[in-house]
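Take a look at the structure below.
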Amino acid sequence: MYNSNHLLMKTLIAIFLWFILLVLCWPLAVVLIFLLPLLWLFLLPFRIIGFTLEMVFKLIGAILMLPFRLLGVK
């Protein structure tokens, strides 16, 4: 997936952009501090469902491809 350097850079850019927003329009920045965690909590079940469906489709694909893998067909 992503390596730790990519995640660190993404986090630093987000913090830097938030500080710019804090300087330009501090009420909006404060509102975002409170709303973004709530938005994350709201979207969490959809991420869990997406992860579950991805694993189910991978399992079905692995089951369907098993005979071909056993026979050595590529």
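Worth knowing before you read on, the calculation uses all heavy atoms, side chains too, and leaves out hydrogens, waters and symmetry mates.
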Show me the donor-acceptor pairs within less than 3.5 Å that the side chains of residues 23-52 make with the rest of the protein, sequence neighbours left out.
unit_1 : atom_1 : unit_2 : atom_2 : d
T52    : OG1    : I48    : O      : 2.8

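Here I63 is tied into one hydrophobic group with L59, each link being a pair of ILVMFWY side chains closer than 4.5 Å. Taking Ile, Leu, Val, Met, Phe, Trp and Tyr as hydrophobic and joining them when side-chain heavy atoms fall under 4.5 Å apart, one finds L8 in a cluster with L12.
Note that CD1 of I15 and OG1 of T11 are 6.5 Å apart. Values are rounded to the nearest 0.5 Å.
Residue pairs meeting the salt bridge (Lys or Arg N to Asp or Glu O under 4.0 Å) criterion with at least one member in residues 25-40, sequence neighbours excluded, do not occur. Pairs of residues two or more places apart, or lying in two chains, never qualify as salt bridge (Lys or Arg N to Asp or Glu O under 4.0 Å) while including a residue from residues 27-45. Sequence neighbours left out, not one pair with a member in residues 26-45 passes salt bridge (Lys or Arg N to Asp or Glu O under 4.0 Å).
By the side-chain contact (heavy atoms from CB on, under 4.5 Å) test, L70 is found to be paired with L66, residues two or more places apart in sequence or in another chain being considered. Listed by chain and number, the residues in a side-chain contact (heavy atoms from CB on, under 4.5 Å) with I13 are M9, L17 (sequence neighbours excluded).
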